[in-house]
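Taking it in order: structure first as structure tokens, then the write-up.
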Amino acid sequence: MRLKDKRILITGASSGIGAAAARLCATEGARLILTARRADRLQALAAEIAAAGGRALTLAGAVEDEAHQAYLADLALREFGGLDGAFNNAGMTGPAGPVTGLALADWQRVLEVNLTAGFLAAKHQIPLLLAAGGGSLLFTSSFVGHGIGLPGMAAYAAAKSGLIGLVQVLAAEHGAQGLRVNALLPGGTRTEMAGDDPGFHAWVAGIHALKRMAEPEEIARVALFLLSDEASFVTGAAIAADGGNTIFKG
Ligand SMILES: NC(=O)c1ccc[n+]([C@@H]2O[C@H](COP(=O)([O-])OP(=O)(O)OC[C@H]3O[C@@H](n4cnc5c(N)ncnc54)[C@H](OP(=O)(O)O)[C@@H]3O)[C@@H](O)[C@H]2O)c1
């Protein structure tokens with residue numbers, strides 16, 4: 001029970017890494033608030049968690065919508081009396097292609113969902129976390145844009161690497177108040193984002209030292225560690241769970 005009595009908000013909980021993290025955090029004793037846009041997926045997951053003896057509330061919405069971020073914080077306050085941790089994990093890659101062909105609207109959309117949403121989350125979550133004495137604020141970044149220049153992914157790389165800068169400043173701003181802030185950098189992971197093309201999966205596997213992709217649960221276990229008190233001296237860090245793809249040059 002590594003999250004016993006902790007109140008945790010998870011974004012991007014309708015699939016992939018976020019859903020795996022929700023299941024794991026519930027097993028470890030956390031009370032959860034789950035969000036993403038697909039309400040049916042969230043409700044099914046909350047029902048599954050409840051059937052296993054856990055507690056999860058859901059609120060569907062878009063992470064780049066400030067009003068939704070404010071509602072989420074209000075819900076945590078109203079239903080749980082506050083927040084001890086947040087896993088800001090929602091993200092999207094956007095259209096792939098060279099910068100010379102990238103529409104401004106696509107660039108802005110990718111930054112909005114992956115980076116601006118992180119700012120909005122922090123803005124609304126931090127007051128609750130501080131009121132609870134600190135806690136853990138976690139963002140899902142990526143190996144893309146952090147040691148790896150993957151062609152065709154400029155907006156995604158800029159957004160995900162921007163999150164690391166955000167994390168470093170937030171960790172410095174609030175460390176004295178007991179708040180830990182970190183970025184989690186997954187490697188290629190078998191989720192909806194990675195699609196289901198075996199040829200693409202084989203290529204992705206090949207750029208990792210471990211020669212395979214991660215399962216969402218493998219990334220969720222690292223998120224659990226960073227959300228828990230076991231990571232009590234980890235802050236301002238970009239923690240890779242990337243199967244060695246940033247060091248592999250084979
Ligand atoms: N899979 C990988 O190889 C990989 C590698 C490195 C980093 N990551 C990062 O890991 C995180 C989780 O992705 P995943 O791999 O688990 O992919 P996924 O299964 O596609 O999950 C993405 C999640 O984000 C939610 N989401 C997307 N846009 C949203 C929006 N505008 N508002 C609210 N929720 C939104 C999706 O839910 P709805 O569609 O229901 O809104 C979904 O729950 C992302 O930040 C991604 O960038 C993934």
Side-chain angles (χ1 to χ4, degrees), residues 9-24 32-46 58-69 71-72 86-94 96 106 108-118 120-121 138-148 150 153 155-164 166-167 183-197 200-201 203-208 210 212-223 226 238-246:
L9 167 59
I10 301 179
T11 79
S14 61
S15 63
I17 294 166
R23 289 188 180 95
L24 188 56
L32 301 173
I33 292 180
L34 307 179
T35 191
R37 292 162 304 178
R38 289 171 291 180
D40 53 338
R41 294 278 203 104
L42 294 175
Q43 283 156 10
L45 179 56
T58 68
L59 186 63
V63 284
E64 70 277 19
D65 174 5
E66 181 162 15
H68 180 59
Q69 292 284 359
Y71 293 146
L72 288 166
F87 182 27
N88 292 297
N89 161 77
M92 45 98 75
T93 50
D106 288 331
Q108 287 173 330
R109 173 86 187 130
V110 171
L111 262 73
E112 211 173 59
V113 173
N114 290 292
L115 179 57
T116 307
L120 293 173
L138 181 61
F139 298 85
T140 305
S141 176
S142 177
F143 64 96
V144 179
H146 189 77
I148 291 203
L150 212 55
M153 304 202 72
Y156 183 76
K160 290 299 192 183
S161 123
L163 274 180
I164 296 173
L166 176 68
V167 156
L184 171 57
L185 283 57
T189 308
R190 287 177 173 278
T191 65
E192 289 176 20
M193 179 174 280
D196 53 12
D197 173 4
F200 179 67
H201 281 196
W203 179 81
V204 174
I207 64 170
H208 293 70
L210 291 178
R212 66 176 180 85
M213 294 177 71
E215 297 302 326
E217 294 72 20
E218 296 182 276
I219 308 302
R221 284 199 292 271
V222 184
L226 291 167
I239 303 288
D242 67 3
N245 69 6
T246 44

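Note that the structure is a prediction, hence the values are computed from the model and not measured. Indexing begins at 1, ligand by ligand and atom by atom, following the structure's order.
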What is the nearest protein non-hydrogen atom to [atom], stated with its residue, atom name and distance?
{"atom": "atom 22 (C) of ligand 1", "result": "G91 O, 3.8 Å"}
{"atom": "atom 31 (N) of ligand 1", "result": "E64 OE1, 2.9 Å"}
{"atom": "atom 47 (O) of ligand 1", "result": "Y156 OH, 2.5 Å"}
{"atom": "atom 28 (N) of ligand 1", "result": "R37 NH2, 3.3 Å"}
{"atom": "atom 11 (C) of ligand 1", "result": "N89 O, 3.1 Å"}
{"atom": "atom 48 (C) of ligand 1", "result": "M193 SD, 3.7 Å"}
{"atom": "atom 15 (O) of ligand 1", "result": "T191 OG1, 2.7 Å"}

With distance as the sole test, does [X] use its side chain to make a donor-acceptor pair with the main-chain N or O of [Y] at under 3.5 Å?
{"X": "H146", "Y": "S142", "result": "no"}
{"X": "H201", "Y": "G195", "result": "yes"}
{"X": "T11", "Y": "A90", "result": "yes"}
{"X": "S141", "Y": "L163", "result": "no"}

Number the atoms of ligand 1 from 1 as they appear, then name those within less than 4.0 Å of a heavy atom of [X], with their elements.
{"X": "S142", "result": "6 (C), 7 (C)"}
{"X": "S14", "result": "36 (C), 37 (O), 38 (P), 40 (O), 42 (C), 43 (O)"}
{"X": "K160", "result": "44 (C), 45 (O), 46 (C), 47 (O)"}
{"X": "E192", "result": "19 (O), 20 (O)"}
{"X": "V113", "result": "28 (N), 31 (N)"}
{"X": "S15", "result": "18 (P), 19 (O), 21 (O), 42 (C), 43 (O)"}
{"X": "G61", "result": "32 (N), 33 (C)"}
{"X": "G16", "result": "16 (O), 19 (O)"}

Evaluate [X] for polar contact with ligand 1, using N/O atom pairs at a separation under 3.5 Å.
{"X": "G12", "answer": "yes"}
{"X": "R38", "answer": "yes"}
{"X": "V63", "answer": "yes"}
{"X": "I17", "answer": "yes"}

I'd like to know if [X] contacts ligand 1, where contact means a heavy-atom distance under 4.0 Å to any ligand atom.
{"X": "G188", "value": "yes"}
{"X": "R41", "value": "no"}
{"X": "G187", "value": "yes"}
{"X": "P216", "value": "no"}
{"X": "A20", "value": "no"}

Item to check | Side-chain ion pair, E217 and R23, N-O less than 4.0 Å | outcome: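 Salt bridge flag = no for R23 with E217.
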Checklist entry - When you measure from atom 35 (C) of ligand 1 to each heavy atom in A90, G118, A22, which option holds the nearest one? => result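 Among A90, G118, A22, the closest heavy atom to atom 35 (C) of ligand 1 comes from A90.
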Checklist entry - Who gets closest to atom 10 (O) of ligand 1 by heavy atom: D40, T140, T189? => result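 When every heavy atom of D40, T140, T189 is considered, T140 comes closest to atom 10 (O) of ligand 1.
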Part of [X] within contact of ligand 1 (heavy atoms, under 4.0 Å):
{"X": "S141", "result": "backbone"}
{"X": "A194", "result": "neither"}
{"X": "M213", "result": "neither"}

Checklist entry - Between the side chains of R38 and S14, is a donor N or O closer than 3.5 angstrom to an acceptor N or O? => result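 Per modelled atom types, R38 and S14 side chains form a pair under 3.5 Å.
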Checklist entry - Hey, mind stepping through E215 and R221 against salt bridge (Lys or Arg N to Asp or Glu O under 4.0 Å) and telling me if it holds? => result CA-CA 10 Å; E215 297 302 326; R221 284 199 292 271; over 6 Å; no
